[in-house]
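Okay, so here's the structure we're looking at.
We name chains A, B, ... by the order of the sequence lines, and we start the count at 1 in each one.
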Amino acid sequence: MSRLRVVCTLPDGRVAILVPAPDFIEECRVGIVAARAARGYAQEPLDETYEAGKFVADPSWRGDLPHAAREALALQRVRALNRGGLTEQDAVALVRDCDAPAFSTAREIVDVSEIPSDRTYRDAWRRSPNGGPIVIDQNAARAIRDERLVQIQRGAA
Amino acid sequence: MAQNWGDFPGTEKVKDSRQDLLDRFDTLRSNWSGATAPATPVLWQWWMDTTAGKLKLCTQVTPSVVWQEVPFGVALAALVQTARLVATATGLSGGGSLAADRTIALDFNALTADASPDRAADYVATYDASASAHKKVLLNALAPAATDALAGLLELADQAEMEAGTDTGRAVTPGRVKFSANTVKEFVAFSDNTTATVLTSLSVSSLTDNGVGDVTINHTQAFSSASYAPSTACRGAGVSYYYGSILHSVAPTASALRVYNYVDGTLGGGAALQGNWQIAGDF
């Protein structure tokens, strides 16, 4: 189980956290055919052009990049799956580059310990567009607390 | 030596013809042996020329008599012209001059390999036991295409044919079952409390934790379109009702699916929650 996460700042200052799937990391490490065979799934090598083309055809996928860059990134992703050879860090970097929300900024690979484990005010988490620590926006936190109090009161009534 | 071929007229008594008969037998037994050629020979009559010491054969009587020598002490093979050959074409071996015994054999390995056999036009050699005859059979007839009632050759369904799901003449292989629109292409189980964690997955590259109960499932392989069928069953602590949903305002895309997990009608709900999602559709 990888301890690596990708933290990025959304355009409105909220925080998105990417959690790489361990199986995806393994597929990037040994190749998708070998990784899935080890789990009992028959898998043929991916058709690189076809698979990359589907990502490029999805306008929501990395829509913040120029077309040529999207093509190159999609091909890099599929080739990594087909050929393997990536380290855990490389695979997480691939997740960062491919799966991060479009127009998010300050995409950083961090250890899971750097992310708050208390999610009580998860929706109040904020971060600078330039990166740095995750902080709790006090105004947003108060709004969350007030909303919960209202719900509790409704439940009691 | 005898070349006596006396006549015995019809008026002669048999007992008086005995010597003439014996003379004729001697003549035949000795192959008309004599120093001179027999007079008035017939075609293919032997003559042992005692002067030349050669056995001769009359090969022509008109317009002139021709005697040809048959040499002694020479193998029959020597009589056959060495220029006469048994030529063996491609696929046969053992040919050569007729001066020696020859065994003609099949040599399939010497045949030119057909790099592009045409099943509708090319033949193979067979032996029809019922007709006791060699025959040729069209490749198509030898190995016909399989049908519901006939065993035969089958093509393998490729990804596009698996996704279309309309072909009934091609075979499905284990590695391509997943391309059927009826099978689950990917699944993921994740916890959404404390730190989000992927518990198990297939064909999911990562989750994006967007906020409370708000998770994006990023596909390892993009779907061929955004039209696929997600389904979910959420699990949580306590007696609350947990369920997953897709908002109408946030449509699935080919590369990702944004899902929302609710507890008793509240997004996230702050309690321990496990989202289990699986997706069927076309890669």
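At a heavy-atom separation below 4.5 angstrom, chain B is approached by Arg14(A), Val15(A), Ala16(A), Ile17(A), Leu18(A), Val19(A), Pro20(A), Ala21(A), Pro22(A), Asp23(A), Phe24(A), Glu27(A) within residues 13-27 of chain A. Residues of residues 73-88 of chain A lying under 4.5 angstrom from chain B, judged on non-hydrogen atoms, are Arg77(A), Leu81(A) by number.
Between Asp99(A) atom CG and Ile217(B) atom CD1 the span is 12.0 Å, to the nearest 0.5 Å. Taking CD from Gln221(B) and OH from Tyr50(A), the interatomic distance works out to 9.5 Å, rounded to the nearest 0.5 Å. Note: Glu44(A) CD to Thr173(B) OG1 = 6.0 Å, rounded to the nearest 0.5 Å. For the atom pair CD of Glu51(A) and OG of Ser224(B), the computed distance is 9.5 Å after rounding to the nearest 0.5 Å. Between atom NZ of residue Lys54(A) and atom OG of residue Ser255(B) there is a gap of 11.0 Å, rounded to the nearest 0.5 Å. If you take CG on Leu202(B) and CD on Gln43(A), they are separated by 8.5 Å, rounding to the nearest 0.5 Å.
Interface residue Ser60(A): only side-chain heavy atoms are found under 4.5 Å from chain B. Contact of Pro101(A) with chain B is made through the side chain alone, with heavy-atom distances under 4.5 Å. No part of Tyr121(A) comes within reach of chain B, as not one of its non-hydrogen atoms sits under 4.5 angstrom from that chain.
The candidate with the highest count of non-hydrogen atom pairs below 4.5 Å against chain A, out of Ala254(B), Ala256(B), Ser201(B), Ala226(B), is Ser201(B).
Within a 6.0 Å sphere centred on CG of Asp101(B), heavy atoms belonging to other residues, nucleotides or ligands number 12 at most. Within a 6.0 Å sphere centred on CZ of Phe108(B), other residues, nucleotides and ligands contribute 12 heavy atoms or fewer. The environment of CG in Asp12(A) is crowded: more than 12 heavy-atom neighbours from other residues, nucleotides or ligands sit within 6.0 Å.
Under the side-chain hydrogen bond (donor to acceptor under 3.5 Å, both in side chains) criterion, Gln89(A) pairs with no residue, sequence neighbours left out. For Asp118(B), the salt bridge (Lys or Arg N to Asp or Glu O under 4.0 Å) test picks out no residue, with sequence neighbours left out.
Considering every non-hydrogen atom in both Asp209(B) and Arg122(A), the closest pair reads O-NH2, 2.8 Å.
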Candidate pair His219(B) and Asp58(A), rule side-chain contact (heavy atoms from CB on, under 4.5 Å), full reasoning = CA-CA 12 Å; His219(B) 310 319; Asp58(A) 179 359; over 6 Å; no
